[in-house]
Each structure stands twice: as C-alpha cells, then as structure tokens.
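In what follows, chains are A, B, ... by sequence order, proteins preceding strands, each numbered from 1. This structure is a prediction, so every number in the text was calculated from the model and none was measured.
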Amino acid sequence: MNQVEPWVVLSFCAAIFFIGLTGLLVRRNILVVMMCIELMLNAVNLTFVTFSKQLEHMGGQMAVFFVITVAAAEGAVGLGLVIALYRTLRTVDTDDIRLLRD
Amino acid sequence: MPNLPMINPQLLSMSPEQVQALMPYFLVCGGTIIALLACVLRVLSPKWPVFLLTLATCAVGICSSIGLLHNGTSVTLFNSMMVSDPFASFFNVLFLASAAITAMISFRYLDREKIQHPEYFVLLLFAAFGMMIMTSATDLVMVFIALELMSLSVYALVGFRRTDRRSNEAAMKYFILGSAASAVMLYGAAMLYGATGSMEIHAILQAIRTTPTLMTPLFTLGVWLVVAGFLFKVASVPFHMWMPDVYEGAPAPVTGFMTTGLKAAAFATFVRVFVSLGYGHALTETIQTHFHNILWVIAVLTMALGNFVALTQTNLKRMLGYSSIAHTGYLLVGLIAGSASDQGYAPMVVYLVAYSVMNLGAFIILTVLASRDDGGLNLPDLAGLSRRHPWLAFSMAVFLFSMAGIPPTAGFAAKYMIFSAGVQAGEIPLVVISVLCSAVSVYYYLRVLVYMYMRDPVGSPAASRMSAWSTVALAAMVAMTLQIGIMPARALSAAKKAVTSL
C-alpha cells in the first residue's frame, strides 16, 4: 500500500495553520476570523495524528479528541459573544470595534 | 498501527493517597457543579444560594489545600498527567481566595449594574477550577484543556455586561486573541510531541537528556511556540496589546480577578513547564543562553513599555492594566534570576502573592467607586476622595504605595526579594533597569494619591455604600499587604516550601 510521506502531511498542516493565522490577522469579519481559529486548531489536530502514526504512539490521537471537544466549546462561547456584540454594535466587522483604544 | 496495549489496571484504580491529594479538586469541582444546578432553580431566587455556595466551595477548597500544603507530599496522578504537590496547593489557595474575594465584592456590584445572574459565580468557580488544574498539570494536553476551561469562563465574564458596548468589544478582542494564542501553544505542544514522542513534560525532558540528538529544529520551534503562548497569557511585551483594552472593558471585579488569578495561574504554569522543560539545568549551553537572552530583552521591554505608557493614562482601570504589564516585567526578572540564585523561584512566588493582594485590593475600591457601566473611574473622579471616603482613600493609598514598592508594604518586600535574587544571579544591568523603571512608576501611582488627598472634590459625590462583604474583603487585603510588608519572612518560607517541590 502506498503511504504518503509524513513530511508531506506535516507541511500541509503547517500550510493550513498559517492560512488560519494569516486569515486571523487580515480578515475583518468576526465570523471568518472564528473560522480561521478553527482552521488553526484543525491543522494542529492533523499534526497530532500524523505524529501519532509516525511514532506509533496513541497519545497524539487521544489528544485530538480533547482538542475537538475544546474547539466546540470555544465555538459556542465565541458565537455567544458575537451575538452579544451584534446586539449592541449592529455589525460583526472588526473595524468597528474601536471604542477601546489608546 | 500496532495493537492497542492492554490498559494497566493499576491506572484505573486510585490509592487512598491519591484520593487524598485530589480532595481540593473533587471538592471544588463538586461545589461548582452543585452551584451550576442551583442556578436553574429560578423560583427560589438563586442569587443567595449560589453566592453562598460559591463562598462555601472556595472555603472548603482552601481548607483542604492548606491541609495538603502542611502535609507536604507530592503525589503523581492520572498516569502522570497531573501532580498534586505543595506548589500546586500553594497556588490553589491563592486562586480560591481570589475567586472568593471577587465573589464577595461582585454581589452588590451585580445588583447595581442590574446583571444579577447567578451564572456569574459559577463562571468564577469554573475559572478558578481551571486555574487549579492548570497549575498541577504536567502534561501539555492537560495544560491546554485547563487553560481553555479557565479562558472560556473568563471570556464570558469579561463580556458579562451584555448591553454595554465596551464590555462586548473587550470580550470579543480577548476571545479572538486568546484563542489564537491557545492554538499557537497547542501547535507547539504537537511539535514537542512529534520530536520526543511524549506530551508529558518530565518525559520530554528525559527524552532530551538521554538522546540529545532529539533536539531538532522541530523541538526548538515547539518550545518557542509554547513559550509564546505563555507570554501571551502573562501579557509580556510583544503580546501585551489585549491587556489594557480588556482591563478597561471588563466589569471592575472581573478585572480584579484577571489581574490576580489569571496572571498567577499563567506564571505558575509557566514556571512548572519551564523548569520541567529543563531551563536551568538540562538543556545545552547554547539554548540556555539563547533562552536567557530573549527573556532578558522581553523583560526589559515589558517593564519599560508598561511603565512609560501608564504615565499618560487617565482611566484608572487602563492605568492599572499597563501597571500590570510592568509587573509582568518584574516577575520575568524573578523568572530569569530564579534558575541561578539560591532562593530559586521563591521570590517570584512571593511577588505573585503580593501583587495579587494589592491589585485585588485596588480593584475592590474601583468596584465600590464605579458608577453605572463602570463610569466614573477616571483620575479626576477621585479628586477629594479622602474627604468623601477617608477609609477608602487610606486603603487605596496603601495599595498604591505597595505597587510603587514603598516600605512597609508587601510590594516593597517582594520587589526587594526579586531584585536581590537578581543581583545574586549576576543580573546587575537587568536589576538596574528594573529599579529605574520602578522609579518611573512612582510618578503615576502617586499622582492618584495627589488627586485623592490634595484636590478639592468636584461635583456631588455619588453615595456608594459598601456592602459588608466588600468591607471585610478590603480590610483583609489591607491587612495582608501590611502583614507581608512587615513580616516578609513568613511568606518567603511558605513560598520556599512550595517551590522545592518543583
């Protein structure tokens, strides 16, 4: 059976992670920013699975379950905050978050 | 994939010592869940039951942690994912005390702001529980889960004034930046796992010690990403931007909780992971110097930026936010000195305690003075406070003197310990810079004092009656500040006892 080389998968994970990080820094819509955070976490999950396979050690796959759960909780809290923000601000654009500045 | 190994039955059972060592965690977790269930009983008006349950949980947790602290044993738990040692117990007392005091001062505040929802206290307990687990975690996944338990509760607390735009914005900013920092830290953990085959910090160190060839770029990058995550949580300079905004937007008691619990938890975990990852005795000389140099620069920048920007602030919460960044810098000095001086990390721990006490005290006063939506917390609003509320002004003066590091207060004793440890470790230039920065800070702390004591009151002061709870909390904080300042040896010996278990 043909197997993908680990470094290919790892570079792929790194690429996803940095796409997420870049999106977080440049995108203005909070919902997109939240998606970028999810992207970063999922890149980490994939990294864990790859290493787990490479090291033949189950710890990495166990970690993924925890990360998925935490990411779900994070999404719930984040969306709650977005709704609260939308109620007072009437927008989800980060450019309009400017009451607290130096 | 190899066949799954049989689970060792020993891992599934717990010895009586382990159960005993887990007692504070069981009690706090149980109390939190009962409080969560009590919130549902709307018909019984849950504000009193939940509030009292919160205080009881904290009290019980503190008592059992103090018991463990006297016991002084280290017990490894859950297949070495957690350890319950005096270091963890020491900080558990700090977290639970800070949660209890925050609950006490919030009660009247929540009524005044018309946000008296019992969930507030439950979130507070969950955050404290997250801090407790985080400090005792020895596995990077465990650290991550505990960190998120703490952070998610605090995000919700920061945004608790739902109809206030500043509170919402602060919560949103904190959420986005905090989640990104957690993700970066987790990526670092994944890299450490890939490089060494384990996420347990002692096992990582062991692997590096036995096979130095494992120290690949992957490992180094992993270490740096984890460190960056922690530097974000303690708000040191390249990652400090969130702190003043969040401090200004969050409800005043929550800000107090954040300055104390959150920072203490982040620093305690930082020290545990840092020491276990081999800072000070295991890594190669090059990495050691590398680490040292980078932390050195970060500490200097943090102190300088925190103190100089605080000079121009007029909002008190924001000013204390920048002052908190400056204190992070002093704590980093303690961290750098800790590995080389014979006091170890004890001065840093004492500093954390002193810092928590004086900041919590200052935020008790801000909570009492705040008008609707946390207004009225600008510098001119304090004018003539000594005539309106002489005792409040006196307490505030004690805390400000302490923050500036003037004897006989806790801040002076703690700063003295940190700086003398720094001198002992041969970090003379660093200590000189810290002392100069500390001298700058006297200006903005004493400016508050000038407003309180030497200006005439403007307008008609809002009569803010303190609740009995807040009075007790405030008196306790003043007493603690003076007590640590006058008799620092006791605090130091307790801290030494705690750090020897690291």
Open item on the list: Is the ring pair B:Y193/A:F48 parallel, tilted or perpendicular, if the boundaries are 30 and 60 degrees?
Closed with: tilted

Task: Residue pair A:M40 / B:A180: nearest heavy atoms and the distance that separates them - done: CE-O, 3.9 Å

Open item on the list: Using a 4.5 Å heavy-atom cutoff, which residues in residues 82-91 of chain A come close to chain B?
Closed with: A:V82, A:A84, A:L85, A:T88, A:L89

Open item on the list: Which heavy atom of A:V44 sits nearest to which heavy atom of B:A183, and what is that distance?
Closed with: CG2-O, 4.0 Å

Open item on the list: For a quick test of reading the model, state the closest non-hydrogen atom pair linking B:F175 to A:M34 and the distance between them.
Closed with: CE2-CG, 4.0 Å

Task: Proximal component of A:L55, with respect to chain B [non-hydrogen, under 4.5 Å] - done: side chain

Open item on the list: What part of B:L225 gets within 4.5 angstrom of chain A, counting heavy atoms only: side chain, backbone, both, or neither?
Closed with: neither

Open item on the list: If I take atom OG from residue B:S182 and atom CD1 from residue A:I37, how far apart are they, to the nearest 0.5 angstrom?
Closed with: 9.0 Å

Task: Leading residue by heavy atom contact count with chain A [cutoff under 4.5 Å; candidates B:S198, B:G197, B:A189, B:G159] - done: B:G197

- [ ] Answer with side chain, backbone, both or neither: which region of A:A76 has an atom nearer than 4.5 Å to a non-hydrogen atom of chain B?
- [x] neither

TODO: Pick one of side chain, backbone, both or neither for A:E74, based on which atoms fall under 4.5 Å of a heavy atom in chain B.
DONE: both

Open item on the list: Out of A:C36, A:G20, A:A63, return the one with the most heavy atom pairs under 4.5 angstrom to chain B.
Closed with: A:A63

Open item on the list: Just to be sure I understand the criterion: a residue of residues 22-33 of chain A counts if one of its heavy atoms is under 4.5 Å from a heavy atom of chain B. Which ones qualify?
Closed with: A:L24, A:I30, A:V33

Task: Gap separating the OH atom of B:Y187 from the OG1 atom of A:T47, nearest 0.5 angstrom - done: 4.5 Å

TODO: Name the option with the most non-hydrogen atom pairs under 4.5 Å to chain A; the candidates are B:L177, B:T163, B:V141, B:L152.
DONE: B:L152

Open item on the list: Could you check whether atom CZ of B:R165 has more than 12 heavy atoms from other residues, nucleotides or ligands sitting under 6.0 Å from it?
Closed with: yes

Task: B:F144-A:F66 aromatic ring centre distance below 6.0 Å - done: no

TODO: Pick one of side chain, backbone, both or neither for B:V158, based on which atoms fall under 4.5 Å of a heavy atom in chain A.
DONE: neither

